[in-house]
Protein chains: 2
Amino acid sequence: MGASKLDKYSDDINDIAIIAKVFAHPARVKILQFISKQEHCICNDIVDEIGLSQPTISQHLQVINKAGLLKGDFKGKKFCYCLNVSRFKEFQSLFNSFFNKTTSNCC
Amino acid sequence: MGASKLDKYSDDINDIAIIAKVFAHPARVKILQFISKQEHCICNDIVDEIGLSQPTISQHLQVINKAGLLKGDFKGKKFCYCLNVSRFKEFQSLFNSFFNKTTSNCC
DNA sequence: ATGTAATATTGCAATATTACGATTATAATC
DNA sequence: GATTATAATCGTAATATTGCAATATTACAT
């Protein structure tokens, strides 16, 4: 089947999985790192930087955006994508609470 | 194509993506949480707990194991899977350093 | 309004992932 | 050795992801 049945799992488990998926592709990790380093975050620069086609980058940006990790604004004719730092920090604390809750008793 | 070309990316970027992939499926998140709560971590119990078939659980366990997150030992006739806590903490610190490095200047 | 540059969308092909039934391997116990 | 319980592997189907070419859209010029 290949479909993961999200309704089978609790919200906090799904949250972790959904967040992790954003970082589960190196192109998206690189995009996020690149965006965070720039003062002006313009999509076409990303295409040059990552070495994937413009439609593919656009697709990855949508995944990142759907997760709420982008703040966008217009700068001339170009979009200015910026990292939504507060959302990013939210992800970090969700991950850390998952990591901290998950410790072992056995072995 | 659908294949991500890992050789295109730096090691630290690939590390994050590879780690994230482990957590990118709710079944694996749930398995990890469940294992961490048990004193004796037996595969068949996991099957009952997660509600997926034994082969599917086995497959997920392999993904988790390949990431180095399991320590295994025999307990009677059943395998005892346990969380490799030190590896888990390693993941946490890798993620945190990624999160901490990735902040924004613009917008 | 027309042209141009930047980004989004569509359509499609290749590959990866997820899931399970059937089978096989492994290990403990008889 | 045979039996039984448990986990791994194989084969296969369904779905998701990734990637790009072609096209559409958008915003800003002129």
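On a predicted model such as this, the values are computed, not experimentally measured, just so you know.
A straight line from CD1 of A:I31 to P of D:dG19 spans 9 Å, rounded to a whole angstrom. C:dT18 atom P lies 12 Å from atom CD1 of B:I57, rounded to whole Å. At whole-Å resolution of the value, CG in A:L52 and P in D:dT17 are 17 Å apart. Atoms CD1 (B:I64) and C1' (C:dT17) sit 15 Å apart, rounded to a whole Å. When rounded to the nearest whole Å, the span between CD1 of B:I46 and P of C:dA19 equals 15 Å. D:dT18 atom C1' lies 16 Å from atom NZ of A:K30, rounded to whole Å. Between A:N65 atom CG and C:dT7 atom C1' there is a gap of 13 Å when expressed in whole angstrom units. Atom CG of B:L61 is separated from atom P of C:dT18 by 13 Å (rounded to the nearest Å).
Looking at residues two or more places apart in sequence or on another chain, you find a salt bridge (charged side-chain N to carboxylate O under 4.0 Å, His left out) between A:K101 and A:D12. A:S86 is linked by a side-chain hydrogen bond (donor to acceptor under 3.5 Å, both in side chains) to A:N84, counting only residues two or more places apart in sequence or in another chain. With sequence neighbours excluded, the residues satisfying side chain to side chain contact (heavy atoms under 4.5 Å, CB included) with B:E90 are B:R87. Under the salt bridge (charged side-chain N to carboxylate O under 4.0 Å, His left out) criterion, B:K89 pairs with no residue at all, not counting sequence neighbours.
The salt bridge (Lys or Arg N to Asp or Glu O under 4.0 Å) pairs that include a residue from residues 27-37 of chain A number zero, where partners must be two or more places apart or lie in different chains.
For C:dA19, the OP1/OP2 oxygens have a side-chain nitrogen or oxygen of B:H60 closer than 4.0 Å.
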ring-ring contact (aromatic ring centres under 6.0 Å, His included) between A:F23 and B:F99, worked out: CA-CA 11 Å; A:F23 306 112; B:F99 272 109; 5.6 Å; yes

When you compare the protein's N or O atoms with those of nucleotides 9-12 of chain D, which come within less than 3.5 Å of each other, and at what distance?
unit_1, atom_1, unit_2, atom_2, d
D:dT9, OP2, B:Q62, NE2, 3.0

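Taking only side-chain atoms of B:H25, from C-beta outward, the nucleotide of D:dC20, C:dA19, D:dT18 with the closest atom is C:dA19.
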